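In this text the structure is predicted, and so the values were computed from the model without any measurement.
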Amino acid sequence: MRIRLVATTAVAAGALTALSAVPAQATEYNSALKIRGVQYDAPGSDSNRCSGGNTAQEYLTIENYSRSTTVNLKGYVVKDAAGNKFTFTASHTLQPGDYVKLRGGNGSDSDTKNVVYRDNCNFMWNNDKDTIYVYKPSGSRADVHSYTKSGSDKDGNGYITYHG
C-alpha cells in the first residue's frame with residue numbers, strides 16, 4: 001500500500017511540474033477579448049513609408065469571444081516582445097462575436113468597417129518571430145501568443161490563426 005502511495009505522489013508531482021512548465025502563450029486567460037490572428041508579414045516587399053508603403057497590410061485581429069459581454073477597447077494595450085505598443089485611446093465597442101483589425105499605417109478608424117489604425121508607418125511585428133501581448137485596461141493580460149515563421153506559419157502566407 002505504501003509503494004502505491006509513493007508512486008502516486010511521484011506521478012502527481014511530475015504532472016504539477018509539467019503543468020508549471022507550460023509556456024505563457026498556452027495559458028488561457030480569463031478574458032472575452034483574444035487574438036484571432038495576425039498578418040505578421042505584409043504581402044510584398046516591406047516598405048514602411050507612410051505614402052505608398054504596405055504597413056497597413058500588416059494587422060492584428062482581436063475578437064470578442066464572449067457570448068453575452070460587450071467589450072469597449074478603450075484602455076486596452078497591444079505590445080510586442082521588443083516593447084513596441086499601441087494603446088486604444090478611443091472607445092471602440094465590440095459586441096459578442098465582433099472583431100477589430102488593428103492595422104499599421106494611417107487611416108480612418110471605423111467601427112462599421114472593424115478597423116483601427118495605429119497611425120504609425122513602422123511595422124510592429126517581426127517577420128521571423130515575435131510575441132504578441134494584449135493587456136486589459138487594468139494591466140492584467142487578456143491574451144498572449146508567440147510565433148515563429150518556420151514553426152507557426154505552415155503555409156508561409158504571413159498569417160497565423162490562433163483562436164479561429
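Every pair passing ring-ring contact (aromatic ring centres under 6.0 Å, His included) that includes a residue from residues 75-98 is listed here, sequence neighbours excluded: F86-F88. Applying the disulfide (SG to SG under 2.5 Å) test to pairs two or more places apart or on separate chains, those with a residue in residues 73-122 are C50-C121. Here ring-ring contact (aromatic ring centres under 6.0 Å, His included) pairs that include residues 118-139, with residues two or more places apart or in two chains, number zero. Within the structure, no pair that satisfies the salt bridge (charged side-chain N to carboxylate O under 4.0 Å, His left out) test touches residues 78-96, not counting sequence neighbours.
Side-chain atoms of D143 and H163, non-hydrogen and from C-beta on, do get closer than 4.5 Å to each other. The closest side-chain heavy-atom distance from V144 to I35 is not below 4.5 Å. Counting heavy atoms from C-beta outward, L60 and V78 have side chains that approach closer than 4.5 Å. Using a 4.5 Å heavy-atom cutoff, the side chains of N54 and D46 are in contact. For the pair S91/K74, a side-chain contact is recorded, criterion being any heavy-atom separation below 4.5 Å from C-beta on. Here the side chains of K101 and I62 are not in contact, with every heavy-atom distance at 4.5 Å or above. In this structure, the side chains of V38 and I132 come closer than 4.5 Å at one or more pairs of heavy atoms.
In this structure a side-chain-to-backbone donor-acceptor pair under 3.5 Å is present from N114 to Y99. Looking at Q95, its side chain never comes within 3.5 Å of a backbone N or O of G97 through a donor-acceptor pair. In this structure, K154 contributes its side chain and G151 its backbone to a donor-acceptor pair below 3.5 Å. With R103 contributing its side chain and G107 its backbone, the two residues share no donor-acceptor pair below 3.5 Å. In this structure a side-chain-to-backbone donor-acceptor pair under 3.5 Å is missing from N64 to D98. Between the side chain of S31 and the main chain of L33, a donor-acceptor pair closer than 3.5 Å is present. Distance alone, capped at 3.5 Å, places no donor-acceptor pair between the D153 side chain and the K149 backbone. Looking only at distances, no side-chain donor or acceptor of S140 sits under 3.5 Å from a matching main-chain atom of K136.
For the atom pair NE2 of H145 and OG1 of T131, the computed distance is 11.0 Å after rounding to the nearest 0.5 Å. To the nearest 0.5 Å, the span separating OG on S150 from NZ on K129 amounts to 9.5 Å. Between atom CD of residue E58 and atom CG of residue N48 there is a gap of 10.0 Å, rounded to the nearest 0.5 Å.
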Checklist entry - Given the rule in the side-chain contact (heavy atoms from CB on, under 4.5 Å) test, do Y147 and D130 qualify, once you have shown the distances and angles that lead to the verdict? => result CA-CA 6 Å; Y147 66 85; D130 213 333; 3.3 Å; yes
Next on the checklist: Let's go through L73 and L94 carefully: what are the C-alpha distance in whole Å and the side-chain angles of both, what is the deciding distance for side-chain contact (heavy atoms from CB on, under 4.5 Å) to 0.1 Å, and is it a yes or a no?
Outcome noted: CA-CA 8 Å; L73 295 175; L94 295 181; 4.0 Å; yes
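Grouping Ile, Leu, Val, Met, Phe, Trp and Tyr by side-chain contacts under 4.5 Å, direct or through others, puts Y59 with Y159. Cluster note: Y117 groups with V115 through ILVMFWY side-chain heavy atoms spaced under 4.5 Å, whether in direct contact or through intervening members.
Nearest heavy-atom pair, Q57 versus A42, reported as atom, atom and distance to 0.1 Å: CB-CB, 3.8 Å.
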